[in-house]
Each structure stands twice: as C-alpha cells, then as structure tokens.
Participant: 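Pasting in a structure now, in structure tokens, and then I'll have a few things to ask.
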Amino acid sequence: MMTLAQGTVNQTYVIRDVEAKDSMRDFLFTLGCYSGEKVTIISKLASNFIINVKDARYSIDEGLARVIMI
Amino acid sequence: MKIALAGNPNSGKTTLFNAITGRQEYVGNWAGVTVEKKEGPLKPELNREKADVTVVDLPGAYSMSPFTSDESITRDFIRDEKPDVIINIVDSDNLSRSLFFTTQLLELGVPVVVALNKYDTAEKKQSSIHLDWLSERLQCPVIATIATKSAHNSGLKQLAAEAIRLGLSDYRQPAPHIAGTRHAATEADFEKADKKRYEFVSRIVADVEHRKVSSASQTAQDKADRIIASRWLGIPIFALVIWLVFSLSQAWAGPFLADILVGWLDAFQSWVAGLVSGVNPFLSSLLVDGIIGGVSAVVGFLPLIMILFFCLALLEDCGYMARVAVVMDRFFKRIGLSGKSVIPMVVSTGCAIPGIMASRTIKDTRQRRTTAMLSPFMPCGAKLPIIALFSGLFFGNQGWVGTSMYFLAIVIIVVSGLIVRRITGDASKESYFIMELPEYRWPSIKRAALSMLVRAKAFIIKAGTIILICNAVIQILQSFNWQLQLVGDAPETSILAAVASPFAWLFIPLGFGLWQFAAAAITGFIAKENVVGTLAVTFSVTRFISVDDLALVGGAGEVGAVFGIGAAAGLAYLVFNLFTPPCFAAIGAMRGEMESRKWFWGGIAFQLSMGYTLAFLVYQTGTLITTGAVGTGFVGGLTAVLVIAGVIGFFMKRGSKLSESMEEGVHFAG
C-alpha cells in the first residue's frame, strides 16, 4: 500500500483507504472518493495534485494526497 | 406552486434560475457561489398555464445523507417548505457523481424533473446519453438543457412545462430500489447504504452513457493547467491578468469613456446653474455644488467601474478563478487558511458584501471568521474611484498603481492572517484543501455585459440615493456654523469642520490632517464612493476628470495644490481608505458571518489599526525618501503605532501560550 502522493502522473489507481478524520472522509465519500473506487492522477502542480474521480477534476493538496491510500 | 432547484455545486443552478426567472443573480464558474436560497417568479413566456409559480434556487450540495453532509439547507428546505416539484440540475458531463444526489432527491416523495444541464459540453466531448433510458431507470422525466443559451433549443421551455405539469398533478415520486436505504439508522448503516447507492448509479451510468474519450485521459485543458497553475508561473500570470484589467479600466479605455461622460455631466451642471442663478445663493450652491457636483464627481468614474466589472465577469466565467485558488493555496496554508479563502477574496474585488458571505462555504470556524475579516481588504468596485483619483493626481493614471494596490492587499491579508493565527492560538498542522476544478470555457460577452449592467445600475441607484443624500448633508454642514448662520467663505468655522477636526488631528502623523480628509474618510464608511464625493464638495473641485486633455485627472497639479498635500500623503490617504474597515453594509455582513461579538469587534479594531499603521508607514517613509526628513507628527504617530503593535503583540503572545496548552487540533478546509 502507498499513498496517492507517491503515485505517478497519468496512472489510475484503486483507492484502498482514506485515512482522513471523519468530516473530511465523509466529504470525500460524497464525491465518490472511497475505498474500491478509481482515482487518476492528472498532474502535479505547485504543491497540489490534480486528480480525476468519477468524471470530475479536483485539485487536492499534498496533505490530502498523503491520506488517500492506494 | 413552488419549484426548487437542487443539484451539485457548479452544475449551473443559478444560471438556470436566471434563465427561467429573468433575474440577474450573481453567478461564477466555480463551486459554492450561491450561499443563500433565492426566490423568483417564473418568466411569463415559460408559464403558459399562468400558474402561480415561484422558483427557489438552493445552494449546491453533493449529498443529503445525514451523516455525511453539512449542506443541510437543501434538506431543511425540502422538509420545511415542501416544494411541489424539484428540478434536479445535473451536469451532463458528470453523471457518475451527480446522480448520487439525484437518487436521494427521488426518495423524498416530491416529483423530480432531471435537467441534464451543460448538454452542449457533453456533446462536444462526443459522449452520448440515452435520455429515455435514463428517464426510465430514474422513473422521472429527464430533459437536456443548456442554461447558458436562451434560444429555443435550450430545453428550458420543455423543462418548465414538465415541472408545472407535475406540480399541478398529485403525482408521488417513487423511490429507486436501493438496498438498505430505507431503514438506515446508524452511521455505519448509512455508509453501507450509500455505497449501494453509488453502485446503483454506476450501473445506470454504464448503461445509458457512452463516452468516446475517458474522463481520466489528459486533455488540452490539463496542459493549460500545468502552466497557469504552476509553481513558478502561477503568480506572475495572475499579476499580468490583474495588471491588464487595471490598465484597461484606468489607463486605456476607462478614461476615454469617462471624459465623454464627464462632458455631459458638466454641461448638465452648467445648465442647472443657469436655471437657478437668481435664487438664494445657499440653495443654488446646495443643488449645483453639493448635490450635482458631488454626485457627478462619483458618477464620472462609472465607466472605469463598468470596465472593471466587465473584466471580472469574464474572468469568473472562464474558470480561471478556481486556478487562482489553487495557486494561492500554498501561501494561504502558511497563514492557517486554505485556497478556499481565495474565493471570498476574489468576489470581494467586485463588492465585499457577497465576498464576505461567500466565506460561509468554509467549514472551519476559525478559517471562516478570519476570511470574513480579511476579505474586505481587497479593493472593491466602490474603492476604485479613490484609487483612480489618487493614482491620477499623483502618479499619472498608471495601471500599476491599481495593480500594486491589489498585491499590497494580498500581502496585507497574508501578514494579517499570520497575526490572527497567532492571536487565536491556532496550532493546527493539518489543513486539507480540495476544490473541484471547473472546465475552462470561452467567457460569454453577453453574460459579462449583463453582469456589468446590473452592477452599473446598482451603482447609479446608490449615487442617486445614499451618495446624493450624503453630499447634500455635507454641503449643508459645511455651510452653517453651530449658530446656524451661513459661514460663507470660511468653511473652517462650519459644523462639519468642527465635527471632523478632532479626527483630523489624529491624522496629522499620516500626512492628511485636514478636516476635509477626515470628513471624507468618515462618510466613506457609509459608502466608499463618498470619499471622492465628499472631497469634491469640501474642496469645491467637482472636475476631477478633465474633459480638455483626455487625461483621467486633468490639471493634476492644480487639484493637488487645492488638496494641499504631497504625493506621500496622497498615497497614505489612499492606503488608509483601502485598508480600514469597509462600509457599514459590509461590516453588517461581517457580523453576520462571524457570529461572535468578540471576533467582530476584534476584527474592526484590527482593520482600523491596520489602516492607521500602514498610512503612517507610507507617509513617513515617503516623506523621508523625498525630503530627507520625517513628516509632521512623527513622534505622536510613532507612539500610536507602537501602542497598536504592543497590544497586538500582547494578544499574539497570549494566543501562542494558549495554543501550547491546548491539544493540537485538526482543522479541515474541505
């Protein structure tokens, strides 16, 4: 298992776990970002990651990328 | 009949609301623009049955699950106000996430009509959606819409007709069959049920949607993002964009248009002056100099404001602002805020009131309050005339003056954020940031023009009411003394001078210790446009904008001489007006969002201290550089600034002790 922050650009991974605290974990869930779902890293910018989950693009910071386990 | 509009953030609810009601509510191409529900009647041409239809636009939500969402406005509204129909706006390009919320809406028993919005974008990407199949699976009508178009093929007519038909019937919406959703009671139950819900959605999407290009593949937009939001180029690009906006508004097109307008205003003023030449000199002066002169001094800047609003609307529409939030996140994190706080600040560049209200989408209380407190530091449209006047007077209308005020505002926000973080003893290490990135699109000139006209109308109404009254009051107060005798050529003996002088005394160390400047700063709290109006009335110069030489501020030397202050003091006055507390209406919004007396009064005190300190530093440093000696009242001002610094330092020290004794909290910016 590794974190999304360690992933490579243009790769699609299956989410294994989201280790954020409750409210953030729940919020990610409503976006379709939870264990078993797919996530694609689109690019790494300044200190943010652009990811694709369920046909939508999000910008997340490194901290959040580190708690999404793939 | 009540029709509720519900859907995910940035699915186009407010755009659709505006399209079917004919209203002009504020829209932006990013998530979370609408923070309060808005109501309006359906347009008559969409309402053939002549039914009594009210449309309610609700803030965006991703979910209604009791344990997973803070966006309870939708849930509360549907429970308490019982709409007859729900129009669920779904982004056609994002079925797999959006339909999750749809399935929840379908369970309420209220008839649902799904509007597959932004249908043109989906078509452009060569993905096709089988509308009939989708309708069958969801057991509700599905209509493809393009809310940004008013043409006949936008689907809006059909949507309204369908909604009215269902609203008039007593149809009860059947719920989709999803295992475990009915009897869920605990959080674990809900989570399980919600996973099933997502599976249900995935099965539907797999059947009805056909995508030629996977959404996970790299696009030209992603390439653009890598430049626009990159580590090194992000900030320079943002600076360039802001500079272009300011140059266009203040140096290129703005002054040209302003000259034409001021020509008309001058002609009008002379015409009125001719009409009233025989009457009582006080009354004619009240009308001609006070009311018409003061108001037209403000209205003269209207073209500049309109161009600014037009450019801002284009920027908001194209999707760039969400990228600015990404670029800024890095810096905002250091001050205990997140990129989310950028949106309220960007909105504040138009007007601080919706900006402050936009902070409501920030979940963390401390971050929300700090954002509401710092957002008004961004120069709003009403502050533009002040910037234009002083940059014209002392710096030859350069675009860089406005741009630098923007960036100064950002620097001040960052510094203030650090101070507030220390005062509140925030020790959170973790502050997550997540934001949906909307797709770039060509901004619509029509929408930008409409948004500009709406704001211009509001500005003219303000000029004709609040500003007119303020100018009349100022004119009266400076015409009489306490014995109610006309002061004639000695306005320094007037009531206004007497009231403003104690404040002026406080401003001596800032370089503008004249009662006229004090009076203008005070009326600025009623509306920031008043600063320019009051200066015009008290100094009796109504012609800030010259018609003769095509320069924004003509005869800058003359006006400067009338003001009797130098460039350093002028800049200090500009800085003071930009970075003190905002107008009363925005202060009211601040109190509303902060929901704490302590934060509110602390915020006001902080903003006042910031304005005073900055103006002091600007004036004294400027004077030292230009003349080689410090300016007037240096010792007194320095004492005041040191006292301010001491008080802030004390609170910061107390705050950091507080944080050491507290357990490390974890905050979320989601």
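Per chain, numbering begins at 1; letters A, B, ... match sequence-line order.
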Participant: Heavy atoms only, distances under 4.5 angstrom: which of A/T40, A/L64, A/I41 has the most pairs with chain B? Name it, please.
Facilitator: A/L64
Participant: Just one of A/I50, A/N52, A/I51 clears the side chain to side chain contact (heavy atoms under 4.5 Å, CB included) bar with B/L437, so which one?
Facilitator: A/I50
Participant: Between CZ of B/R97 and SG of A/C33, what distance do you get to the nearest 0.5 Å?
Facilitator: 12.0 Å
Participant: Using non-hydrogen atoms only, which part of A/Y34 is less than 4.5 Å away from chain B: side chain, backbone, both, or neither?
Facilitator: side chain
Participant: Can you give me the closest heavy-atom contact between A/I42 and B/R226, atom names plus distance?
Facilitator: O-NH2, 3.1 Å
Participant: Got A/L31 and B/I434 here, is their nearest side-chain heavy-atom distance under 4.5 Å?
Facilitator: yes
Participant: Which residues in residues 196-207 of chain B have any heavy atom closer than 4.5 Å to a heavy atom of chain A?
Facilitator: B/Y198, B/S202
Participant: Work out which heavy atom in B/E436 is nearest to a heavy atom in A/A56; give both atom names and the distance.
Facilitator: OE2-CB, 4.0 Å
Participant: Which atom names give the shortest non-hydrogen contact between A/F29 and B/E191, and what distance separates them?
Facilitator: CZ-O, 3.9 Å
Participant: Is chain B contacted by the side chain of A/V9, its backbone, both, or neither, given a heavy-atom distance below 4.5 Å?
Facilitator: side chain
Participant: Are any of the side-chain heavy atoms of A/D55 and B/R211 separated by less than 4.5 Å?
Facilitator: yes
Participant: Are there more than 12 heavy atoms of other residues, nucleotides or ligands under 6.0 Å from atom NZ of A/K44?
Facilitator: yes
Participant: Quick check on the interface: out of A/S47, A/S59, A/G32, A/A65, who has the most heavy-atom pairs with chain B under 4.5 Å?
Facilitator: A/S59
Participant: Kindly give the heavy-atom pair with the smallest separation between B/F433 and A/N48, and that separation in Å.
Facilitator: CD2-OD1, 3.4 Å
Participant: Look at B/S230, B/P438, B/A229, B/G234 and state which one has the largest set of heavy-atom pairs under 4.5 Å with chain A.
Facilitator: B/A229
Participant: In the structure I gave you, are the side-chain heavy atoms of A/T30 and B/F101 within less than 4.5 Å of one another anywhere?
Facilitator: no
Participant: Rounded to the nearest 0.5 Å, what separation is found between the CG atom of A/L28 and the OH atom of B/Y62?
Facilitator: 11.0 Å
Participant: Heavy-atom pairs under 4.5 Å with chain A: which of B/Q218, B/R323, B/R330 has the most?
Facilitator: B/Q218
Participant: Is there a donor-acceptor pair closer than 3.5 Å between any side-chain N or O of A/R57 and the backbone N or O of B/S215?
Facilitator: yes
Participant: I'd like to know if B/K333 and A/D61 make a salt bridge, using a cut-off of under 4.0 Å between side-chain N and carboxylate O.
Facilitator: yes
Participant: Is the number of heavy atoms from other residues, nucleotides or ligands under 6.0 Å of A/R25 CZ greater than 12?
Facilitator: no
